[in-house]
Amino acid sequence: ETLTVIALPSPPRDLTIARTGLTAVTLSWHAPSWLGNAKQVRYEAYVYEAAALGAGSKTNFRSLYRVDNRSHVHNIAPDSLLTVVSNLKVNTQYGFHVVSKNRAGASIPSNYVQTQTLPDAPPAPVNITTDDIKSTSFNVSWQIPAVARSQGTLSEIQFIVRLRPLPRPGKTGFMFKEVCKTVGFACPVHSL
C-alpha cells in the first residue's frame with residue numbers, strides 16, 4: 001500500500017489583471033508548479049482597498065474579503081484560472097493576490113497586482129445657454145451639477161459640443177457634427 005503525503009501547494013504563478021471595469025476586476029493566473037501531491041487545488045483571491053494614510057504617506061491596503069472559487073457567485077470551476085471580483089467601488093485603487101489551497105492548507109500568496117477601477121461617467125451639463133448669436137456663429141455655455149463639483153475631478157472632464165442640422169422635408173439620417181472640445185465651461189461655435 002502506498003502512502004501519499006499531501007503538502008502545501010506552491011502559489012499560483014503570474015497573477016495579472018485581465019480586465020478592469022467600473023465595479024469589477026477580472027484576475028487571471030497560471031496553475032502552481034506543484035500541487036503538493038494533491039490531485040487538484042482550489043484558489044482564493046484576496047482583495048484589498050487602498051486607504052490613504054494622509055498626505056505624503058504610503059498607501060495602506062486593508063483586506064476586504066476572500067473569494068473562494070468553488071462557491072464564488074460567478075460559478076467558477078475548481079480548475080479555472082480566472083475570477084471576476086465584483087461589487088467594487090468606482091474610481092478606487094485595489095490590490096489583489098491569490099493563494100492555492102489543498103487539504104494541507106494554503107500556499108504563500110502569489111505576486112501582488114494593483115489597479116484602479118474606472119471612474120463613473122460625469123453627469124450631463126445643466127443650464128445650457130447660447131448668446132452672441134450671429135448668422136454663422138454663436139457662443140454656448142453651461143454649468144456642472146453640484147455633485148460633479150463635489151467629486152473634485154473637474155480638471156479631468158472634457159466637454160464635446162456637437163450640432164445636428166434641423167431636418168429638411170424629405171431628408172433622413174442626420175449626422176452630428178463635432179464643433180468644439182474643451183475642458184472649460186463655454187465654447188464659441190463658428191462656420192455654421
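Bear in mind that the values here come from a model prediction, so they are computed numbers and not experimental data. Count residues from 1 along the sequence.
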Before you tell me yes or no, could you show the steps for Ile128 and Val140 under side chain to side chain contact (heavy atoms under 4.5 Å, CB included), namely the whole-Å CA-CA distance, both residues' side-chain angles and the distance that decides it to 0.1 Å? CA-CA 7 Å; Ile128 299 170; Val140 61; 3.8 Å; yes
For the pair Phe96 and Ile17, evaluate side chain to side chain contact (heavy atoms under 4.5 Å, CB included) and give the outcome as yes or no after the intermediate values. CA-CA 9 Å; Phe96 307 89; Ile17 297 188; 4.2 Å; yes
With the side chain counted from C-beta on, respond yes when [X] and [Y] share a heavy-atom pair under 4.5 Å apart, and no when they do not.
X: Gln40; Y: Leu35; answer: no
X: Val47; Y: Leu88; answer: yes
X: Thr23; Y: Asn87; answer: no

How far apart are the C-alpha atoms of Lys89 and Tyr94, what are their side-chain angles, what is the distance that settles it, and do they pass the side chain to side chain contact (heavy atoms under 4.5 Å, CB included) test? CA-CA 9 Å; Lys89 297 176 189 173; Tyr94 288 95; 3.5 Å; yes
Smallest separation among heavy atoms of [X] and [Y], with atom names:
X: Ser28; Y: Ala18; answer: OG-CB, 4.1 Å
X: Leu8; Y: Asn102; answer: C-ND2, 4.3 Å
X: Ser80; Y: Trp29; answer: O-CZ2, 3.9 Å
X: Ser10; Y: Pro32; answer: O-CB, 3.0 Å
X: Ser100; Y: Tyr43; answer: OG-CE2, 3.7 Å
X: Pro109; Y: His97; answer: CB-CD2, 3.2 Å

Looking only at atom types and distance, does a side-chain atom of Thr20 sit under 3.5 Å from a main-chain N or O of Thr117, one as donor and one as acceptor? no
When you measure from the side chain of Arg13 to the backbone N and O of Ala31, does any donor-acceptor pair fall under 3.5 Å? yes
Report whether Leu81 and Val25 are members of the same hydrophobic cluster (ILVMFWY, side-chain heavy atoms less than 4.5 Å apart, transitive linking). yes
Give a yes or no on whether Ile133 and Trp142 share a hydrophobic cluster (residues Ile, Leu, Val, Met, Phe, Trp, Tyr; joining criterion: side-chain heavy atoms under 4.5 Å apart). yes
Donor + acceptor pair across side chains of [X], [Y] (<3.5 Å):
X: Tyr46; Y: Glu44; answer: yes
X: Gln116; Y: Asn91; answer: yes
X: Ser141; Y: Thr129; answer: yes

Quick one, Val113 with Thr16, criterion side chain to side chain contact (heavy atoms under 4.5 Å, CB included). Give me CA distance, side-chain angles, the key distance, then yes/no. CA-CA 7 Å; Val113 293; Thr16 60; 5.6 Å; no
From the list Val99, Leu27, Asp14, Leu15, side chain to side chain contact (heavy atoms under 4.5 Å, CB included) with Ser110 holds only for Leu15
